[in-house]
Structure formats: C-alpha cells, structure tokens
Q: 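Starting off with a structure, shown below.
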Amino acid sequence: MGSIEQKSRILVFGGTGYIGNFIVKACVAAGHPTYVYVRPMKPDHNPSKLDVLNEYKSLGVTIFEGELDEHEKLVDVLRQVDIVIVTLAIPQCHEQHKIIEAMKEAGNIKRFIPSEFGNDVDRISPLPPFQEGVCKIKKGVRRAAEKSGIPYTFVSSNSCGAYFVNFLLRPSDEKLRKVTVYGTGEAKFPLNYEKDIAEYTLRLATDPRAANSLVFYRPPKNIVSQLDLISSWEKKTGRTLEKTYVSEEEIIKLSQTASTVQDAVGTSILHSIFVKGEQMNFELKEDELEVSKLYPDYKYTSVDELLDIFLVDPPKPASAAFG
Ligand SMILES: NC(=O)c1ccc[n+]([C@@H]2O[C@H](COP(=O)([O-])OP(=O)(O)OC[C@H]3O[C@@H](n4cnc5c(N)ncnc54)[C@H](OP(=O)(O)O)[C@@H]3O)[C@@H](O)[C@H]2O)c1
C-alpha cells in the first residue's frame, strides 16, 4: 500500500466503542504503534469497557486517560503520535472541535480522520432530526478540519454490515419468522463488514492519495437492497420470512413523534438509507475516490460472505447508534 510510513503512530479517540474496537484491532494487526485516549472509568460506564481496555493492554496498546477538555494533556498526547482517527459516538461528535484545536497547537499530525463512518453528510438532505443533529455537527467538523491546515480524510463508509444485518434480520433469533421492511425495500445501499471498514480506513490514513479527500466505500459486491438481503438470508437458512412494510409516511411520523432525540435521529437515518436511498442515489464525480478501486488487492467481505459468517459465528449486535 502507498504510505506516509508503514509504522505511523496512530491515536484513536472513541477506541473503546463499537467502530473504534474494529479500528484499534486493525491498527494493532498492521503493526502500528497504537494509542487510545479514553475517558477515565466512572461508575456509570459500561463495565465491559474495562474488559476492552484490559484486552488493549494485552495487545500492547498505549492507553491515555483524560477528558476532551483537558487541552494541555491533549496537546501533549498528540505530540507523541502521527495520525488521529476519531470514532466518538454521535452525541460526542461536536467534541471533535476540541481535538482539532489541540492538533493545531501540536502542529505535527499528518492525517486526521473524523468520526463519520456513514453517509456523505454534505450531499444528503434527510429529515430534520438527522439533518439538524448528526449532519449539522459532522459538517461543522468537516469545515473546521478543512480550515485547520491538518491533512484530513473524510470517510463515507455507508452502512455497517454486521450492525445492519443484526438490525434488519435479527439472525440470532432462530425462531424469527417476521422481518420489518422500511419503505418498499428496493432502495440500494452499500453494506460493508466492519472489519473491512476498519482495514480500508487504516489504509487511507497512511495513503497520500487520500489526503484532503472524501472517500466512498462502495465495493461492487456489497450494493444491496433490504429485499435482496432478506431473500439471500431465506435461501441460506431455508426459512421464509413474513415481511411487514413500514411506509414512508409512517417513518416520517415516527421521526416526528419519537420520545427521545436518539429515536428521532435513528428513524430519520432509516428513512435516509432505506427509503430515499441516499447512500447510492448519486454518481461519484470524476475526482471522488472509491475505496475498493483504490485497493483492488484487498479482498473485502462480500454481503454473501458476511451472511455466511452469521450462519457460523454471528457477530454480536452493537448497542451503538447508527449514522
Ligand atoms: N454507518 C453505520 O452503519 C454506523 C454504525 C455505527 C456507528 N456509526 C458511526 O460511527 C461513529 C462511532 O459510533 P459508535 O457507534 O462506534 O460509537 P459508540 O460505540 O457509541 O461510542 C464510541 C465512544 O464514544 C465515547 N463516548 C460514548 N459516550 C460518551 C459520553 N457520554 N461522553 C463522552 N464520550 C462518550 C466512548 O469513548 P471512551 O469511553 O473510550 O472515551 C465510546 O467508546 C459515529 O460517527 C457513528 O455515527 C455508523
């Protein structure tokens, strides 16, 4: 692979989370000195975070404990690394402005990959909860990164494979005979296994071709619709699944009447991906990068292979929010 250097020191913020875990493991597997900046454990934190941190220690990951508003500490930590990848949760994405300010002061960061891992937030026009929440914040971080002078890569990795297979097909429930279909079920979207998202992201982080670019993850074998996915799963399991369709009108209503912001955003994300098809309803421009074309040597997991993994050893559902 093209690289700034093979053994760049990589710091991950949000490394104990769902996407972060895949990224940290990919960094370690590729032999990069790997660092995570984590909030100190508090009584309200999920106890499994401690297991994750112990696993990281055993893998040789260096752990820095701190809050994101400890500016001097952040600058000091940043001066010890080359590349920053952020996988903070949606409600914390605005905190990335603090990381950008600290990176500007540190002055040594060769690449910054902010917490995106979803739709191209500059292109889509989703329902208000998604537009005003996640999109607005992630766009603000893009603009700040562009102004910062720090080389950046924005990743539009589209739909997380294991995450959405768990969400749409509930594969761990062997008695399941019913599935929910959002809209007509025909809109296409790229469904990428998280291990590949992490591997591609890591390659981009050290690739000069991806500096100051937006990169789309659209591997050709992974472009599916909900109906394609259900039909493939029926063939693999020998089960027939009864489909309950949720109409666009119902989804819009749900996003307007949701009792929590998280539910409202979640519903409007479903609308964007599955009803409007906003991950695939545009052609890439000539100068826009697509990750499987950048790395034709990398054998990504096709959706068909991902479903086979679910038949044998199902990846656990995440408690994370999508987007
Ligand atoms: N396209 C998709 O299908 C999809 C699916 C999932 C996620 N995503 C995207 O991926 C990115 C990461 O999401 P995720 O689901 O992986 O995140 P997550 O697991 O919910 O959390 C990631 C990290 O954020 C930090 N965090 C969580 N709650 C916090 C709080 N209250 N205060 C401060 N920090 C907190 C934690 O880090 P520490 O405790 O270690 O500090 C945590 O490990 C987001 O941009 C999200 O939109 C996309």
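Keep in mind that the numbers below use all heavy atoms, side chains included, and drop hydrogens, waters and symmetry copies. All residue numbers in this chain count up from 1 along the given sequence. Just follow the structure's listing: the first ligand is 1, and inside any ligand the first atom is 1. On a predicted model such as this, the values are computed, not experimentally measured, just so you know.
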Q: Please determine whether any non-hydrogen atom of N119 lies less than 4.0 Å from an atom of ligand 1.
A: no
Q: Output the list of atoms in ligand 1 that are nearer than 4.0 Å to some heavy atom of G17, sorted by atom number.
A: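 It comes down to these atoms of ligand 1: 19 (O), 22 (C), 43 (O).
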Q: Should Y37 be counted as touching ligand 1, given the test is an N or O pair under 3.5 Å?
A: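 Y37 vs ligand 1: no N/O contact under 3.5 Å.
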Q: Nearest non-hydrogen atom to atom 31 (N) of ligand 1 belongs to which of E67, E116, E194, Q92?
A: Q92
Q: Determine, for Y300 and R218, whether the Lys NZ or Arg CZ falls below 6.0 Å from the six-membered ring centre while staying within 45 degrees of the axis.
A: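 No, R218 and Y300 do not form such a contact.
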Q: Out of all atoms in ligand 1, which are within 4.0 Å of some heavy atom of F164? Include the element for each.
A: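 What qualifies from ligand 1 is 3 (O).
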Q: Considering distance alone, does some N or O of C160 sit under 3.5 Å from an N or O of ligand 1?
A: yes
Q: Looking at ligand 1, does any of its N/O atoms fall within less than 3.5 Å of an N/O of S159?
A: no
Q: Which label fits F167 and Y182: parallel for a plane angle under 30°, tilted from 30 to 60°, or perpendicular past 60°?
A: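 Aromatic pair F167/Y182 classed parallel.
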Q: Please assess N166 against F310 for the test side-chain contact (heavy atoms from CB on, under 4.5 Å), listing each intermediate value before the final yes or no.
A: CA-CA 9 Å; N166 270 314; F310 270 91; 3.6 Å; yes
Q: May I have the step-by-step check of side-chain contact (heavy atoms from CB on, under 4.5 Å) for R177 and T240, ending in yes or no?
A: CA-CA 7 Å; R177 292 290 176 273; T240 303; over 6 Å; no
Q: Taking 4.0 angstrom as the limit and counting only heavy atoms of G14, give me the atoms of ligand 1 inside it, by number and element.
A: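 So the answer, numbered in order with elements, is 22 (C), 23 (C), 37 (O), 43 (O).
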Q: Ignoring hydrogens and angles, tell me if any N or O in the side chain of D228 forms a donor-acceptor pair with the backbone of S225 under 3.5 Å.
A: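 Checked: pair present.
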Q: Taking the basic N atoms (NZ, or NE/NH1/NH2) and the acidic carboxylate oxygens, is any pair closer than 4.0 Å for K98 and E67?
A: no
Q: Indicate yes or no: does an N/O atom of V38 lie under 3.5 Å from an N/O atom of ligand 1?
A: no
Q: Yes or no: does H45 have any heavy atom under 4.0 Å from an atom of ligand 1?
A: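 H45: no contact with ligand 1 (<4.0 Å).
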Q: Do ligand 1 and F117 have nitrogen or oxygen atoms that lie under 3.5 Å from each other?
A: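 It does: an N or O of F117 is found under 3.5 Å from an N or O of ligand 1.
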Q: Are E95 and ligand 1 in contact, using a heavy-atom cut-off of under 4.0 Å?
A: no
Q: List ligand 1 atoms under 4.0 Å from I90, heavy atoms only on the residue side.
A: 46 (C), 47 (O)
Q: For S159 and N192, what are the C-alpha separation, side-chain angles and deciding distance, and is it a side-chain contact (heavy atoms from CB on, under 4.5 Å)?
A: CA-CA 6 Å; S159 299; N192 300 312; over 6 Å; no
Q: Near G118, which atoms of ligand 1 are under 4.0 Å from a heavy atom of that residue?
A: 1 (N)
Q: Just wondering, are more than 12 heavy atoms of other shown residues or ligands nearer than 6.0 Å to NZ in K42?
A: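 Check passes, neighbour count above 12.
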Q: Who's closest to atom 38 (P) of ligand 1 heavy-atom-wise, of V36, T87, T16, N158?
A: T16
Q: Is there a side-chain contact (heavy atoms from CB on, under 4.5 Å) between C27 and I23 once you walk through the steps?
A: CA-CA 6 Å; C27 290; I23 300 273; 4.2 Å; yes
Q: Side chain or backbone, does A89 bring an N or O within less than 3.5 Å of an N or O on ligand 1?
A: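 Yes: some nitrogen or oxygen of A89 is under 3.5 Å from one in ligand 1.
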Q: For ligand 1 and R39, I'd like to know whether there is a polar contact (N/O to N/O, distance under 3.5 Å).
A: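 In this structure, R39 places an N or O atom under 3.5 Å from an N or O of ligand 1.
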Q: Evaluate E278 against S272 for side-chain hydrogen bond (donor to acceptor under 3.5 Å, both in side chains), listing each step before the verdict.
A: CA-CA 6 Å; E278 287 193 310; S272 170; 2.7 Å; yes
Q: Check whether Y200 and L214 end up in the same hydrophobic cluster, where Ile, Leu, Val, Met, Phe, Trp and Tyr are linked by side-chain heavy atoms less than 4.5 Å apart.
A: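 In one cluster with Y200: L214, no.
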